[in-house]
J.: 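For reference, the structure I am asking about is given below.
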2 protein chains.
Amino acid sequence: MYRIGELATLFDVKTDTLRFYEKHGLLAPSNRSESGYRLYSNDDAEKLRFIIRAKAVGFSLSDIAELLSIELDKSNWACADVKGMVDIKLEQVQAKIAELEFFASSLSKLSDACCGGPESAEHCSILEALESSDKELQPKVEHHAAKPN
Amino acid sequence: MYRIGELATLFDVKTDTLRFYEKHGLLAPSNRSESGYRLYSNDDAEKLRFIIRAKAVGFSLSDIAELLSIELDKSNWACADVKGMVDIKLEQVQAKIAELEFFASSLSKLSDACCGGPESAEHCSILEALESSDKELQPKVEHHAAKPN
DNA sequence: ATAAACCTTAGAGTTAAATCCAAGGTCAAG
DNA sequence: CTTGACCTTGGATTTAACTCTAAGGTTTAT
């Protein structure tokens, strides 16, 4: 069992954030000490890890609450409901992955084109790199200037 | 050239949002009409598409501004600077992809386990599914209840 | 030539998500 | 038995990212 401050330190968040998540139904400590201190279990900690990860990839707290509710309301949902909800979220996640892979390939191209790639300095902005995703690269001279002083 | 309202409709955002992006240095129209109306080019539109995509995968507007600045300040940066910055962003993107792939596989497992998969109803929450990512699935009976009325 | 549908700016208001503050209770160490 | 580091609640404040309002100028269609 972790007290709020311990859990906060462990996950590098503020205690206020944990109380905020509790108030908004995302993460309640599974116990309280006699004097009323919040006591978080390992499962609570896992749940927090999930929340933090989901946030990092662009889900809002209400999206996350929805995902977590699959657990909370377990017995109140029919299979088909659970499956439908999960499948919708899965599509969202896969769409995000596709977007990110496009970014990643554009950024790689940009990185390779900048200084010394085999086809150096063709693309000097993400936008150019994105736009050129299907075009053929052509060797060209370097055109970066030095940083101003 | 698109007027602000046209571009807004095209990308399903508010005109206010476009003015907000301009004020914050993310997207300025490349022209103005004689009477002062904003006129956005196709390149401006591409830039907007990029902003919207980047937002959808969890980048903040200041993250995005940083990515776009690679273009804007093109001539003011040395190659190594550009490359370094791009590579940092690339790492962030790849980390996000890894997170999302973990989510996706957990969600798939959950979806498969719910109603009628070969090993039905083993996992009934994302958390269980996440925790079980390395454990072996065991066939088990369905245990979902019907929705209450 | 006038109404409807656009556009302008400046500034105020909203929402989500956190963060801070005040007044006080708890607990381990010296 | 008190000092310091923790915890409690309730409510105010902040930040990012919009979103709206007001007062007026422009364009297009009838």
Side-chain angles (χ1 to χ4, degrees), chain A residues 1-41 44-45 47-69 89 92 96 99, chain B residues 1-41 44-45 47-69 89 92 96 99:
Chain A
M1 292 298 200
Y2 312 97
R3 280 183 311 178
I4 196 167
E6 293 175 295
L7 189 66
T9 307
L10 216 55
F11 285 90
D12 200 27
V13 298
K14 298 269 158 64
T15 56
D16 286 317
T17 304
L18 295 178
R19 293 197 195 92
F20 176 82
Y21 288 167
E22 182 175 354
K23 187 158 65 179
H24 290 74
L26 274 96
L27 176 62
S30 40
N31 289 288
R32 290 276 181 149
S33 74
E34 289 191 4
S35 57
Y37 286 15
R38 288 167 178 81
L39 294 174
Y40 295 89
S41 67
D44 295 337
K47 202 159 163 176
L48 177 57
R49 183 194 310 286
F50 176 80
I51 294 169
I52 289 166
R53 286 175 143 188
K55 257 176 47 61
V57 292
F59 285 109
S60 70
L61 295 192
S62 66
D63 283 333
I64 297 169
E66 204 176 334
L67 279 164
L68 291 172
S69 79
K89 288 292 170 194
Q92 291 175 9
K96 276 176 197 280
E99 292 279 285
Chain B
M1 292 297 201
Y2 311 97
R3 279 184 311 178
I4 195 166
E6 292 175 295
L7 189 66
T9 306
L10 216 55
F11 285 89
D12 199 27
V13 298
K14 298 269 159 64
T15 56
D16 286 317
T17 303
L18 296 177
R19 292 196 197 93
F20 176 83
Y21 288 166
E22 182 176 354
K23 187 158 63 179
H24 290 75
L26 274 97
L27 176 63
S30 42
N31 288 288
R32 290 276 182 150
S33 73
E34 289 191 4
S35 57
Y37 286 15
R38 288 167 179 79
L39 294 173
Y40 295 89
S41 68
D44 295 337
K47 201 159 164 175
L48 177 57
R49 183 194 309 285
F50 176 79
I51 293 169
I52 289 167
R53 286 175 143 188
K55 257 174 48 60
V57 292
F59 284 109
S60 69
L61 296 192
S62 65
D63 283 333
I64 297 169
E66 205 176 332
L67 278 164
L68 291 172
S69 79
K89 288 293 169 192
Q92 291 175 9
K96 276 177 198 279
E99 291 279 286

J.: Under the salt bridge (charged side-chain N to carboxylate O under 4.0 Å, His left out) rule, collect the residues that match up with E22(B), sequence neighbours excluded.
T.: R32(B), R38(B)
J.: Whole angstroms only, please: what is the CG-P distance between D12(A) and dA18(C)?
T.: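 After rounding, the gap between these two atoms is 13 Å.
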J.: If every non-hydrogen atom of M1(B) is compared with every non-hydrogen atom of E6(B), which pair is closest and at what distance?
T.: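 Shortest heavy-atom separation between M1(B) and E6(B) comes out as O-OE1, 4.1 Å.
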J.: Check the interface with nucleotides 1-6 of chain C: list each N/O to N/O pair with the protein under 3.5 Å, or write none.
T.:
| unit_1 | atom_1 | unit_2 | atom_2 | d |
| --- | --- | --- | --- | --- |
| dC6(C) | O2 | Y37(B) | OH | 3.4 |

J.: Please enumerate all residues that pass ring-ring contact (aromatic ring centres under 6.0 Å, His included) together with F20(A), with sequence neighbours excluded.
T.: H24(A)
J.: Have a look at S60(A) and say if it touches a base, only the backbone sugar-phosphate, or nothing, with a 4.0 Å heavy-atom cut-off.
T.: sugar-phosphate
J.: Using a 4.0 Å cut-off to any heavy atom of chain A, which nucleotides of DNA chain D are the first and last in contact, reading 5' to 3'?
T.: dC6(D) to dT9(D)
J.: Starting at the 5' end of DNA chain C, which residue's closest nucleotide do you reach first, S35(A) or Y21(A)?
T.: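 Nearer the 5' end of the strand: Y21(A).
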J.: To the nearest Å, how far apart are E22(B) CD and dT9(C) P?
T.: 7 Å
J.: Does the cation-pi check pass for K96(B) over F59(B), that is, NZ or CZ under 6.0 Å from the six-membered ring centre and within 45° of its axis?
T.: yes
J.: Report, one pair per line, the protein and nucleotides 19-23 of chain C atoms (nitrogen or oxygen only) whose separation is under 3.5 Å.
T.:
| unit_1 | atom_1 | unit_2 | atom_2 | d |
| --- | --- | --- | --- | --- |
| dT19(C) | OP2 | T17(A) | OG1 | 3.1 |
| dC20(C) | N4 | D16(A) | OD1 | 3.2 |

J.: For R3(B), what residues pass the salt bridge (charged side-chain N to carboxylate O under 4.0 Å, His left out) criterion, not counting sequence neighbours?
T.: none
J.: Can you name the one residue among L7(A), T9(A), D44(A), L39(A) that meets side-chain contact (heavy atoms from CB on, under 4.5 Å) with Y2(A)?
T.: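 Going through L7(A), T9(A), D44(A), L39(A) one by one, the side-chain contact (heavy atoms from CB on, under 4.5 Å) with Y2(A) is satisfied by L7(A) alone.
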